[in-house]
Amino acid sequence: MLPRVISFGYVDYELSTKKRTATCKTCKKRISDGDATTSNFVALFFCCKIVDMNKSITNEPQQPSISQFLDTRAGQYSMNHPQQKAITNALLRDLIIGCNLPLSIVENKSFRHFLTVVDSKYSPICRRTMTSKIEDLAAEKHLMLKTQLSQTDHVSVTVDIWSDRKMRGFLGITVHWIQKGIERLEVKSKLLAFERFKGSHTGERICEKFEAVCDEYNIKDKLDYIISDNAANMRKAFTVCFPTDQGEEPDDNHRLDDPELWHDLPLEDQETVGASLGKKHRLQCFAHTLQLVVRDGLTETKVASPALSKLSKLSSLLHTSTTLKDVFEAEFGERKSIPASVITRWNSTVRQVKAVLQCEHLKLCAILEKAGHKKLLFTIREWNLLKEMVDILKPFEEATDLTQGEKIVTISAVVPSVLSLNHHLEKLKPQVRFLNGLVKGITAPFSDPVYLKLEQHVTPGDKDQEDCEDGGLFAAYCKRQKKDVQTSPALQLSHYLHIADGQNALLFWAMNMHTLPSLFNVATRVLAVPACSAPVERVFSYGGIILRPHRAQMTDRVLASLVFCKCNAE
């Protein structure tokens, strides 16, 4: 009997003594085998069939991949499917990080149902997987930031320490520089570190942690200015980190100018400039200094205490008494309220006073009397006193807001703000009726602002170039220049003084970077210095929002990763 494999796949079959021979239908090859076996016929048959199937698959147009075939059969995307990855990344970046939603939402039953409506093929991930993706994203952003910082020569930083609601300490550091484009300049601000800080917050330990972060990003030699608040441990930290000679008096030679500007100076002057440029400087936070000055002024102004006390109690009642709140909103509008003040933020007191002054005095008194709160009635004298307080402090509020910007140049606003505030106070002195003590108490501390040195870097003063003997090392360099006057810093300085007239700083230097190259190198370093530590305080605000009360069990590592990704999101 003829074997089936031969009858099915072969033709021209012949049987001789102890030997079978046949021709393959597919490849036309003549093959032989023993009279009792068919192994050769079977092997060739299957080889030919496999080759034939591969040819048909290759020639078929728009043949789906195996993974797509399996996805269709399973009814869901695989973990490596592009759409699966896109939805997961959107959940991470837009919802978890962008909208501050909790990580547990990915395991919420209702949210998972929502995802099936959005895309029924999406495979929801678990909380643990989302946590690992957050840490991976933080590591990715860390490498991107290191790359960015490797491409800049000079940076400044803001530093502060924050404790979350579980009293875990975190050291926050933001980094700032000006990025030069083809036709524009841009102030860059990034979160450098948000790391757990265990133990006592001594200056030495802050210094040690800060230097470790600088070494990690390789920016210690690029660091120009460190901005922090006036706390004793912060002052101590950067005295330890960047010590100065004992008894050394600060002078105008401690500049930020580019060392390449000084190659034509005598050797002695070059050494002086080099020593000056090698020093790091700590600047007090301007907003914090302003806060301390105004707070002390308000504390010393005893005449305002009764009115402010009544205002504080009224604000508290509006947030605790539904009866008074209903009557208040019925009279002044549903969105009308009086915010609470924060003891560490004097501008919150100003906002509170401004809010109550928007109410009509007589109507407010009638509401309070009707509600049984006669002790909170404002007298006419107290009402006028509050108006006078707003008139005095409103410019201080504006100066604080102006110097707390992050994506704009703020350092150049400090000296004009100080001069304007002093002028404002001097002008008010003859007009003040109730708060003379407040006006006198907040004038003196601004007589010699530390930021004046920075202002002199970019604007030596309204002098001619020939009269710049007191203008610092840059003026000395200008007078010693032997180069062609068309390219000398002396001519650039003279030209700058003629064309600078209150323009936007970044726009001005973007337009004149090639016209004033020597001054440009100085300006881009100085203008990147933040006026205050507001950038790092914003980081802590994000941390407080993320670690809401019902999320207090979040680990410090996950919190740090979330804050880092949040603050460095593009």
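At least one donor-acceptor pair under 3.5 Å links the side chain of R205 to the backbone N or O of K198. The closest donor-acceptor contact from the side chain of N218 to the backbone of C214 lies at 3.5 Å or more, if one exists at all. Of the possible polar contacts, none joining the E331 side chain to the K363 backbone as a donor-acceptor pair under 3.5 Å is found. With T410 contributing its side chain and A531 its backbone, the two residues share a donor-acceptor pair below 3.5 Å.
No option in L283, T174, I173 other than T174 meets the side-chain contact (heavy atoms from CB on, under 4.5 Å) test with T158. With D229 as the fixed residue, the side-chain contact (heavy atoms from CB on, under 4.5 Å) test singles out one of M234, Q291, E537: M234.
Contact check on E388 versus R433 returns no salt bridge, with no Lys/Arg side-chain nitrogen under 4.0 Å from an Asp/Glu carboxylate oxygen. Between E195 and K209 there is a salt bridge, with a side-chain nitrogen of the basic residue lying less than 4.0 Å from a carboxylate oxygen of the acidic one.
Below 30°, between 30° and 60°, or above 60°: for W383 and F378 the angle between ring planes is above 60°, a perpendicular geometry. Using cut-offs of 30° and 60° for the angle between ring planes, the F197 and H201 rings count as perpendicular. Ring orientation note: the planes of F210 and F238 are nearly perpendicular, at an angle over 60° on the 30°/60° scale. Taking the six-membered ring where the residue is Trp, Y217 and H142 present tilted rings, their angle falling between 30° and 60°.
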task: Before giving the answer on salt bridge (charged side-chain N to carboxylate O under 4.0 Å, His left out), spell out for K222 and D153 the whole-Å C-alpha distance, their side-chain angles and the decisive distance to 0.1 Å.
output: CA-CA 6 Å; K222 303 177 181 182; D153 296 325; 5.7 Å; no
- request: Decide salt bridge (charged side-chain N to carboxylate O under 4.0 Å, His left out) for R351 and E397; before the verdict, give the C-alpha distance in whole Å, the side-chain angles of both, and the deciding distance to 0.1 Å.
  value: CA-CA 9 Å; R351 292 189 179 99; E397 182 184 22; 3.6 Å; yes
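A centroid separation of 6.0 Å or more is found between the aromatic rings of H176 and Y225.
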